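Shown next, in structure tokens, is the structure this report addresses.
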Amino acid sequence: MRGCALSYEFDFSFLNDYMPELWHGIWLTLGMTIVSIVPGFALGTSCAIGRLYGPPWVQRIVTIYVEGIRNTPLIIQVFWLFFGLAVLQVRVGPFPAAVIALVINVGAYTAEIMRAGFLSIPKGQLEAAACLALKPSQSLWSVQIPQAVERVYPALVSQFVLMMLATSIMSQISAEELTGVAYMIQSFTFRGFEVYLVIAVIYFVMACLLRLTLLGVAQVSFPRRRRLGTPL
Amino acid sequence: MNIAATTPRATEIQSMTRSDTPLVRFHGVRKSFGELEVLKGIDLEVASGEVVALIGRSGSGKSTALRCVNGLERINAGELTVCGRALHGGKVDLRDLRQDVGIVFQSYNLFPHLTVEQNVTLAPRKVHKIGAAEARDLAEQVLAQVGLSEKAKNYPEQLSGGQQQRVAIARSLAMRPKLILFDEVTSALDPELTGEVLRVIAKLAAEGMTMMLVTHEMAFARSVADQVVFMHQGRIWESGKGDMLDDPQTPELRQFVGNGL
Ligand SMILES: Nc1ncnc2c1ncn2[C@@H]1O[C@H](COP(=O)(O)OP(=O)(O)OP(=O)(O)O)[C@@H](O)[C@H]1O
Ligand SMILES: [Mg+2]
């Protein structure tokens, strides 16, 4: 009964043959994710503040940016940026281009999450800060941002994990991250099923690690949570 | 003679407390929210060191009057002078004003992500730019004033309502205000906790802090306030010493006191 589909023989030998390429893909995926998180968060938070408290023209620009990004596919944004920069004669490598695209993309989603966070802070908190003679900027830094981040932290973590998974399209602009490497391996070995099974497991593990890391960051950043075990 | 024995410093202090410019002066103050006129010409003076209790039915404009004093609401007509600053017409530097005028809210409004000590020292550190060591001393001092020295490292949610309100008072005190406003600060508390907060306020009053407080605690108003102000429909209906509550001149106050007791 050989040759029947049921007796398909798994072949994972590519794991041996292509180990360096796999590691390279993993590092690139992790690298572009980690590099994008802090600037993406900063951009999103700034936009949320601009949309909530900025002058009307800032609010309008931020709204156009946020809605433009949230309603178009990431891959189109990536192409647009990559080829657009080329048209402008700006030469950037695939990795920086990917990072810029990710920051712009995750910034828009973060802006909406943080806006919800700011809006969920009771009005009395802002009033108390103002009545203590704090400047609006001091109130933002010391009262509003810490509380907003704490309130929406789980949503932020999900968004950054999603962003990491979304890097899987970046081989389209020849940033050879994990999915790009997988495609290359299967095109040489014709072991697509095994390759993508392994890749899925790797993504899964990376996503869990990223989640754990970000929760660790929360333990350090929110002393109250550490002290009281307040659930996020 | 007495005068001969008085040191120059003491004379100075006496003349300061006796000075006739009041800390707060309402003169024909009006305030509307849209069509609704909430304050219909308020005249009121609060001298330095004085305790003024605002009483009256819900919706009579007590909170609005109080909130005008630190610029949370802007008056529409009349004159309002607070700690030497005119709050009518022209630009008002609210941050400057609020360094002199503290406020304590019914809902405490402590910062939940900060410890008691951090709550108390945030504004002095940011606004008065005091250092870490000085901040620690300041926290110790004001927390002792409200009897919560041992709670410095706790978070607000670990405290009872009464303790949270005392922290809010300490937070106000830490800015060294000339005047503190209290808006129904015990209304969210059960009687036992109300007592501990009122005792702190009474102690501050005895120490000479100038205060305006909106309260439903008639016994407290009678015993602690130098001036009781009964507001009704946006006007000061009756005002006087605490004992005016024993002998109301208007049917409105009589009814209000009757209901309250
Ligand atoms: N921001 C606002 N916008 C519109 N109306 C307001 C606002 N604040 C207060 N009011 C109205 O002004 C009137 C007086 O309100 P205020 O809060 O001063 O009353 P109060 O005497 O403090 O009452 P209470 O004892 O219930 O606190 C009420 O009718 C209230 O609905
Ligand atoms: Mg009120």
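Because the structure is a prediction, the values reported are computed rather than measured. The sequence lines fix the lettering, A, B, ..., with proteins before strands; numbering per chain opens at 1.
For B:Leu110, the part sitting under 4.5 Å from any heavy atom of chain A is the backbone (N, CA, C, O) and nothing else. Heavy-atom distances place no part of B:Val104 under 4.5 Å from chain A, backbone and side chain included. Contact annotation for A:Gln125: both backbone and side-chain heavy atoms come within less than 4.5 Å of a heavy atom of chain B. Contacts between B:Asn154 and chain A at a heavy-atom distance below 4.5 Å involve backbone atoms as well as side-chain atoms. When heavy atoms are compared at a cutoff of 4.5 Å, B:Pro177 does not approach chain A at all. Interface remark: B:Arg125 contributes no atoms to any contact with chain A (heavy atom separation under 4.5 Å). Of the two parts of B:Gln118, neither the backbone nor the side chain holds a non-hydrogen atom closer than 4.5 Å to a non-hydrogen atom of chain A. Neither the backbone nor the side chain of A:Pro122 comes within contact range of chain B; no heavy atoms are under 4.5 Å apart.
In this structure, CE on B:Met175 lies 6.5 Å from CG on A:Leu132, to the nearest 0.5 angstrom.
Geometrically, B:Arg171 engages B:Phe111 in a cation-pi contact, judged by NZ or CZ lying under 6.0 Å from the ring centre and within 45° of the ring axis.
Between A:Tyr53 and A:Gln144, the side chains place a donor N or O and an acceptor N or O closer than 3.5 Å (distance only, hydrogens not considered).
Between the B:Asp100 side chain and the B:Cys83 main chain, no donor and acceptor come within less than 3.5 Å of each other.
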(request) Could you walk me through whether A:Arg115 and A:Glu112 pass salt bridge (charged side-chain N to carboxylate O under 4.0 Å, His left out), step by step? (result) CA-CA 5 Å; A:Arg115 193 165 72 101; A:Glu112 278 305 279; 3.3 Å; yes
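Considering all non-hydrogen atoms of both residues, A:Ile69 and A:Gln77 come closest at O-NE2, 2.9 Å.
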